[in-house]
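Structure, as structure tokens:
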Protein chains: 2
Amino acid sequence: MIDHHLAKLRARSVLSREEEEAIRSSVARIEDYPADRIVVPSHRSLDHSTLLLDGIMCRSKALLNGERQITELHVAGDFADLHSFTLKYLDHEVLTLTRCRAAIVPHEALRAITERFPGLARIYWFATNLDAAIQREWAVSLGRRPARARLAALFCELQVRLEIVGLTEGPYFDLPLTQTDLAECMGLTNVHVNRTLRDLKQEGLLAFRSGRAHVIDRDRLRSVAEFDPAYLYLGREAR
Amino acid sequence: MIDHHLAKLRARSVLSREEEEAIRSSVARIEDYPADRIVVPSHRSLDHSTLLLDGIMCRSKALLNGERQITELHVAGDFADLHSFTLKYLDHEVLTLTRCRAAIVPHEALRAITERFPGLARIYWFATNLDAAIQREWAVSLGRRPARARLAALFCELQVRLEIVGLTEGPYFDLPLTQTDLAECMGLTNVHVNRTLRDLKQEGLLAFRSGRAHVIDRDRLRSVAEFDPAYLYLGREAR
DNA sequence: CGCGGGGTTGAGCGAATTCAACGGATGTGG
DNA sequence: CCACATCCGTTGAATTCGCTCAACCCCGCG
């Protein structure tokens, strides 16, 4: 059920038997959502967090002209809004980009397990800081990388994040997003994403078609993106 | 000494006498730094966090060609690297943009006070989530706002953040940054920042000269930026 | 007095956008 | 089963916002 989540935590921390059990028992219920559904509205008081089990969600902020910026993608195993535990309401929306299944974890349960297990408190605090690290790397893409490198960086990141939770098959992984979704992540237009993906394919770096990605040449793709996975905090990177 | 910090915390939470005392006693020492000094190197194991008392620091990530993206600015009262408490090392550098004074808080002291005072744990967890919220708003600027709105949003944010800690004088505040610093925050070139600031001044919105900002027309500046301070979590915004 | 950092301005360029059209796939209702 | 609508992807042409390159200014400072 929440195995993807446990895999994600175990990729960065040691988890005791009791802690694992506490996490399992904190799930109040399971929810299903269709694609393009707002899961967590912005500026609304919240009393639970949403642990994504299957599908892809995102955090997004809208502008008045209808454009929006996606600030992070969430895959199976991620809490989409763990930060609502301390923030009480969110400054952005959380919405589904595909059909999704999620576990609902009441803030009351989070409070209980983080007080009983200080180690879990640290682990979940860490998890929200990891989200922030991902957002920083996206800021680098948005602010300084040309379109090619932006998309390259995004696919490099997703490959690693999906690999951790066992959702890649070698260089292939499912990513059922539209080109417009990718554009809203990386601050581009869908038209330019289309052309840039064509270029990346022609160069033999990356193929993305009908919701499936193929990292053809990982080393060169990473080089284009200047991708360094240290920001994903998988351990052993501190010097 | 750390009054700016206490003011920042009190703008979002209630702080007991004992908690305040615990915070005060967690400071190990005070450090001074010249401008353009790396305070926290990236990818290096850390055992303390840095509470900025005076001056301006930033978080920045460098690219191979020498360009860099500043992902957040820090002012008096901010922890520049509180997230290092859980992350152990950072994916970015923290450096001074001006001369700075800072309080060094050992992670050991943070561990002690957050275990003794669960409320402080929540407050500091919140603080790192607030940093993430600021980074999200910057992502919106970087990805979707044109240069004018980017700079407008930045100055709107800084006015609020400085006001909280008592560092504004009405519509005026000191911001001893260069136009190149602003460019590195907002993903622009110093040349374009220069022209955009000129435009903002000519429109009677904002004047920025020799390290001092004057928000001439706050309402119109906020309107240009589509600035909504809710993301700064000053309370009473949840609906 | 020369030097360097920061600011300012102009000219030309280029990456990405806008606008528009079209194709393929999918779904739906008559 | 076909007509039609919709969504997503694709491509071309024209445009534009911001960049690059370069020159010059001002001012504080050694």
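Convention: sequence-line order gives letters A, B, ...; per-chain numbering from 1.
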Can you check the A:His192 NE2 to D:dT10 C1' distance for me, whole Å? 15 Å
Would you mind checking if B:Arg101 and B:Glu31 are paired as a salt bridge, meaning a charged N to carboxylate O distance below 4.0 Å? no
Please report, rounded to the nearest Å, how far the P atom of D:dG9 is from the CG atom of A:Leu151. 13 Å
What is the separation between atom CD on B:Glu67 and atom C1' on D:dG18, rounded to the nearest whole Å? 13 Å
Residue whose closest nucleotide on DNA chain D lies nearer the 5' end, A:Arg144 versus A:Leu197: A:Leu197
Side-chain touch B:Leu175/B:Phe155, heavy atoms, less than 4.5 angstrom: yes
Separation of D:dC8 atom P from A:Leu97 atom CG, nearest Å, is 11 Å
Starting at CD of B:Gln179 and ending at C1' of D:dG18, how long is that distance when rounded to a whole Å? 15 Å
Can a salt bridge be assigned to the pair B:Asp54 and B:Arg99 using a cut-off of 4.0 Å between side-chain N and carboxylate O? no
Between the side-chain atoms of A:Arg195 and the base atoms of D:dG9, is any donor-acceptor pair under 3.5 Å? no
DNA chain C nearest-nucleotide lookup for A:Pro146 and A:Val191: closer to the 5′ end is A:Pro146
Modelled atom types, side-chain donor and acceptor of B:His92 and B:His83, under 3.5 Å: yes
Between C:dA15 atom P and A:Asp199 atom CG, what is the distance in whole Å? 11 Å
Between A:Leu142 (CG) and D:dG18 (P), how many Å, whole number? 15 Å
Of A:Asn190, A:Asn194, A:Thr189, which meets side-chain hydrogen bond (donor to acceptor under 3.5 Å, both in side chains) against A:Gln179? A:Asn194
CG of A:Asn190 versus P of D:dG12: gap in Å, rounded? 16 Å
Under 4.0 Å: is that the gap between some side-chain N or O of A:Thr189 and OP1 or OP2 of C:dT17? yes
Considering only side-chain heavy atoms of B:Asn194, which listed nucleotide, D:dT11, C:dG7, C:dA16, is closest? C:dG7
Any base atoms under 4.0 Å from B:Gly187, or only sugar-phosphate, or nothing? Heavy atoms, all strands. sugar-phosphate
Checking C:dG6, D:dC19, D:dT11 against the side chain of A:Arg198 (C-beta onward), the nearest is D:dT11
